[in-house]
**Student:** 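Take a look at this one; I'll ask things after.
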Amino acid sequence: MTQPLLSLAPSPAPGPVADSLLPRLTAAEFRQLRHQTKNALQRILFMIDAHPALRQTEASRAVAADLHRRIQLTATISDALFGLTRAPAPFAERLGTLAESVTALLGAPGQDIRLRLRLAGQCPEPLQEAVLRVAHEFVGNAIKHGLYSRLSGEVELRLEQDGDELRLLVLDDGWGWAEPMVAGEGLSLARVIAAREAGRVTLDRRGDRTVAMLALPLAARA
């Protein structure tokens, strides 16, 4: 019996139990994981490009090109978050690449989404991973939920310092949410990540825009 490539079983709830299941890789083990992942993705892309059935019609060629694009975007996002197929770039580049790639990956065909980046604050190195991971969830939620089925929209990502806090804000001019608002996995993960750094996550509606904010204390983080 053929086994599925991916398990669709629900993910474990975020928290200490789920965190304890994550492997603690050595540098050599992570290097091997990076090498294996890169090889696997390159092989999948080659198979898509070389498959005869995906080159016969204009429609099949379009599907192949879109699959190719989305797999490459997924790898780019994984690199920005974890350095999964290549060593991570500097923080500002990772954050910009992450926001652009998530927008391109999750946006619907033909959808016009404008992305604005305003990086006015310096992020201390100990907080960079938390900011990147929460940015991934915030931007993803803005595209998937706020701008769902919209022909066009705007997402703005800001990084700024306000007193003794570092703040990441993601604003979108989409639909907002229906009441009562139920936090999905993305927002729940963002809250777990924030709590680890003694920070907080808020979600508000300001005029015609939804504002997701991560606030992290800067004390002893410089």
Side-chain angles (χ1 to χ4, degrees), residues 1-14 18-19 21-113 115 117 128-129 131-145 147-149 155 157 184-186 188-190 193:
M1 181 177 178
T2 302
Q3 296 296 317
L5 294 177
L6 295 174
S7 171
L8 298 182
S11 301
D19 293 345
L21 300 177
L22 297 175
R24 301 297 187 263
L25 301 181
T26 66
E29 289 169 338
F30 191 82
R31 181 179 177 186
Q32 186 173 26
L33 174 63
R34 179 181 288 165
H35 181 67
Q36 185 274 336
T37 302
K38 185 175 181 179
N39 283 346
L41 291 176
Q42 287 176 335
R43 182 60 180 170
I44 292 169
L45 292 175
F46 172 79
M47 292 173 66
I48 291 172
D49 291 341
H51 199 293
L54 293 175
R55 293 184 292 168
Q56 291 179 349
T57 66
E58 183 177 347
S60 63
R61 288 191 293 271
V63 170
D66 192 52
L67 285 173
H68 196 289
R69 180 182 70 89
R70 292 181 187 274
I71 290 171
Q72 287 186 317
L73 286 168
T74 300
T76 299
I77 292 168
S78 296
D79 286 340
L81 287 171
F82 310 112
L84 194 57
T85 71
R86 65 181 66 186
F91 170 76
E93 182 179 340
R94 290 171 71 187
L95 184 59
T97 298
L98 176 68
E100 292 168 358
S101 299
V102 170
T103 301
L105 177 66
L106 299 181
Q111 193 175 27
D112 178 22
I113 300 177
L115 176 66
L117 301 176
Q128 290 179 2
E129 300 304 316
V131 170
L132 286 163
R133 281 151 181 63
V134 172
H136 175 261
E137 303 305 332
F138 282 178
V139 176
N141 279 348
I143 305 300
K144 290 189 300 180
H145 304 301
L147 299 179
Y148 174 73
S149 76
V155 175
L157 185 151
E185 186 172 24
S188 298
L189 282 170
I193 295 166

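Computed from heavy atoms alone, side chains included, the values below leave out hydrogens, waters and symmetry copies.
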**Student:** To the closest 0.5 Å, what do you measure between OG (S78) and NE2 (H136)?
**Tutor:**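 That separation rounds to 7.5 Å.
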**Student:** Supply the atom-to-atom distance I113 CD1 to T103 OG1, rounded to the nearest 0.5 angstrom.
**Tutor:** 6.0 Å
**Student:** Which residues pass the side-chain hydrogen bond (donor to acceptor under 3.5 Å, both in side chains) test with Q72, not counting sequence neighbours?
**Tutor:**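 Testing Q72 for side-chain hydrogen bond (donor to acceptor under 3.5 Å, both in side chains), a comparison that skips the adjacent residues, returns H68.
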**Student:** Would you say that E100 contacts T76 through its side chain, given a criterion of any heavy-atom pair below 4.5 Å between the two side chains?
**Tutor:** no
**Student:** By side chain to side chain contact (heavy atoms under 4.5 Å, CB included), which residues pair with I193, not counting sequence neighbours?
**Tutor:** A130, R133, V134
**Student:** Over all heavy atoms of both residues, which pair between R69 and D66 is shortest? Give the atoms and the distance, please.
**Tutor:**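 Looking at all heavy atoms of both residues, the closest pair is NH2-OD1, 3.0 Å.
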**Student:** What distance separates Q36 CD from L84 CG, expressed to the nearest 0.5 Å?
**Tutor:**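 One gets 9.0 Å once the value is rounded to the nearest 0.5 Å.
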**Student:** I need the minimum non-hydrogen distance between R34 and P88, along with the two atoms involved.
**Tutor:**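 Heavy atoms of R34 and P88 come nearest at NH2-CD, 4.1 Å.
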**Student:** Which donor-acceptor pairs under 3.5 Å do the side chains of residues 92-99 make with protein atoms, sequence neighbours left out?
**Tutor:**
{"from": "R94", "atom 1": "NE", "to": "A80", "atom 2": "O", "distance (Å)": "2.8"}
{"from": "R94", "atom 1": "NH1", "to": "E129", "atom 2": "OE2", "distance (Å)": "3.1"}
{"from": "R94", "atom 1": "NH2", "to": "A80", "atom 2": "O", "distance (Å)": "2.9"}
{"from": "R94", "atom 1": "NH2", "to": "L81", "atom 2": "O", "distance (Å)": "3.1"}
{"from": "R94", "atom 1": "NH2", "to": "E129", "atom 2": "OE1", "distance (Å)": "3.3"}
{"from": "T97", "atom 1": "OG1", "to": "E93", "atom 2": "O", "distance (Å)": "2.9"}

**Student:** Atom OG1 in T85, atom CG in L41: separation rounded to 0.5 Å?
**Tutor:**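 Between atom OG1 of T85 and atom CG of L41 there are 7.0 Å.
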**Student:** Please report the shortest heavy-atom distance between I48 and L54, naming the atom on each side.
**Tutor:**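 For I48 versus L54, the nearest heavy atoms are O-CD1, 3.7 Å.
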**Student:** Working to the nearest 0.5 Å, report the span between CG of N141 and CD of E137.
**Tutor:** 7.0 Å
**Student:** What's the spacing between I143 CD1 and H145 NE2 if we round to 0.5 Å?
**Tutor:**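 Spacing of CD1 (I143) from NE2 (H145) equals 11.0 Å.
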**Student:** Over all heavy atoms of both residues, which pair between L106 and G140 is shortest? Give the atoms and the distance, please.
**Tutor:** CD1-CA, 3.7 Å
**Student:** Would the number of heavy atoms belonging to other residues, nucleotides or ligands and lying under 6.0 Å from CD of Q32 be above 12?
**Tutor:**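 At most 12 heavy atoms, drawn from other residues, nucleotides or ligands, come within 6.0 Å of this atom.
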